[in-house]
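This report refers to the structure that appears directly beneath it.
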Protein chains: 2
Amino acid sequence: MARPPAPLITLGAITDAALDLVDETGDFSLPRLAKRIGVSQSSIYNHVAGREEILELMRRRVLELSPRPPVDGLPWETALRTLVRSYRDGFTRHPRLAPLLVLQTVMDTEVIAMYEELAQTLERAGFSGRDVLSAISTVDAFAIGAALDLAAPEVVWAPPSPGYPALVRALGHAPSGAQRAREAFEFGLDVLVAGLRGRLHAGG
Amino acid sequence: MARPPAPLITLGAITDAALDLVDETGDFSLPRLAKRIGVSQSSIYNHVAGREEILELMRRRVLELSPRPPVDGLPWETALRTLVRSYRDGFTRHPRLAPLLVLQTVMDTEVIAMYEELAQTLERAGFSGRDVLSAISTVDAFAIGAALDLAAPEVVWAPPSPGYPALVRALGHAPSGAQRAREAFEFGLDVLVAGLRGRLHAGG
DNA sequence: ACCTGAACACCGTTCAAGT
DNA sequence: ACCTGAACACCGTTCAAGT
């Protein structure tokens, strides 16, 4: 076969198939991707520059899954919660994608727009000067950590052999899987917001 | 050559060479590693089960670089700061290792011991029940995020094209590189501790 | 016990050839 | 413009062969 009347491959199909593979196996490869779509490996390069661009397609898809809602009218605490929550929410459906994205730090316009909203929110809260950037980094660290936490296997949170009493106690109360991650996220969001509030009143 | 009188390879040499490669290139491979040590690729398998174990060796090395100090006598806020700081400190010398470690979630005894200290510290602070696990996850998310932040390239924090006023303002005040990451980490640590303190007084 | 070289299955990317 | 098959350089892992 050569050039077909209509293209056999679309960016959407590439993204779908790659995301399926990531969901199922935790990774993807060009050969497997091609087989999924039912096409030869090399033809993918007619639509995409390479593996990295496919990762970018998936990043965009996940960001689109939970569109960033407008927050400029909201009180800063609500705005901040909304932004972090919407960032994390896309990954709840594709948790295994998160670890693959930390390797490359690409800045597409959607991500920059999110940082801009974050910066505005933090200024509105009362931060200024260097503290704005530090606060962005702090929120970012928590958001990335929370996304990665979604991909954490159950086993990590299984009680270890005795000799770790406090840890065993903590894990004894643990709900499992998604529930544990969600509770931890809500808790962390409270801590983050309360901590920023505290930093403001203490005078930075 | 066959079996030499003294082994040509040691675990220490493997770890050194792999860490050098990660520092220089952001990754490592078995062929490159073998070339560094001056040995054949396959002989590495006489000392190590595979690539994953080499990653584990590097994780241990980095943990050893900043040994977890005893914290059981300290006030919980100081103890928490000390634990998070010591976790992060190892990565300051090998920042590019952090992204490689998030892919695999292994639990060696050193890491479990750190979680146990964390759990004890949080109990001492006054957390109980499910909150202990949530607080561990929160601290963990921040610590991982902060370690990854060390590997963030300068470019990410370069001011983007105009149209993002708040972000441009924030980046205008930015010190560069390691300095920015350090300030952000100290800021984040304050936020984390203040947030946990707030959560305690609000009554969880 | 420890090293070597050859082999295998897999990977990302390129490119001439086809329509 | 879009697809194919062959090719290339790289990778992780295994294994028979040597001492």
| query | Does the A/R124 side chain pair with the main chain of A/L74, one donor and one acceptor, at a distance under 3.5 Å? | reply | yes

| request: If the plane angle is over 60° it's perpendicular, under 30° parallel, otherwise tilted; pick one for A/F127 and A/W76. | output: perpendicular

| message | When you measure from the side-chain N and O atoms of A/H47 to the phosphate of D/dA1, is any distance below 4.0 Å, counting only OP1 and OP2? | response | no

| Pairs flagged by side chain to side chain donor-acceptor pair (under 3.5 Å) wherever residues 142-156 of chain B is involved - sequence neighbours left out | B/D149-B/R180

| note | Scanning all shown strands, the Watson-Crick or wobble mate of C/dC10 with both distances under 3.5 Å is none

| task | May I have the distance from B/L33 (atom CG) to C/dC3 (atom P), rounded to whole angstrom? | result | 13 Å

| Counting N and O atoms only, with roles assigned by atom type, does the side chain of B/E116 sit under 3.5 Å from a partner on the main chain of A/L167, one being a donor and the other an acceptor? | yes

| field | Spacing between B/N46 atom CG and C/dC2 atom C1', to the nearest angstrom | value | 5 Å

| message | Taking pairing as Watson-Crick or G-U wobble with both contacts under 3.5 Å, can you name the mate of D/dG18, or confirm there isn't one? | response | C/dC2

| field | Phosphate-side-chain proximity, A/S43 and D/dT4, N/O vs OP1/OP2 below 4.0 Å | value | yes

| task | Provide the closest heavy-atom pair for B/V84 versus B/A143 in the form atom of the first, atom of the second, distance. | result | CG1-CB, 4.4 Å

| task | Please report, rounded to the nearest Å, how far the C1' atom of C/dT4 is from the CD1 atom of B/I44. | result | 13 Å

| message | Quick check against the 3.5 Å criterion: does B/R51 have a side-chain atom that pairs as donor or acceptor with the backbone of B/F28? | response | yes

When you compare the protein's N or O atoms with those of nucleotides 9-13 of chain D, which come within less than 3.5 Å of each other, and at what distance?
residue, atom, partner, partner atom, Å
D/dC11, OP1, B/S29, OG, 2.9
D/dC11, OP1, B/R32, NH2, 2.9
D/dG12, OP1, B/R51, NH1, 3.0
D/dG12, OP2, B/L30, N, 2.6
D/dG12, N7, B/Q41, OE1, 3.4
D/dT13, OP2, B/Y45, OH, 2.9
D/dT13, OP2, B/R51, N, 2.9
D/dT13, O5', B/Y45, OH, 3.3

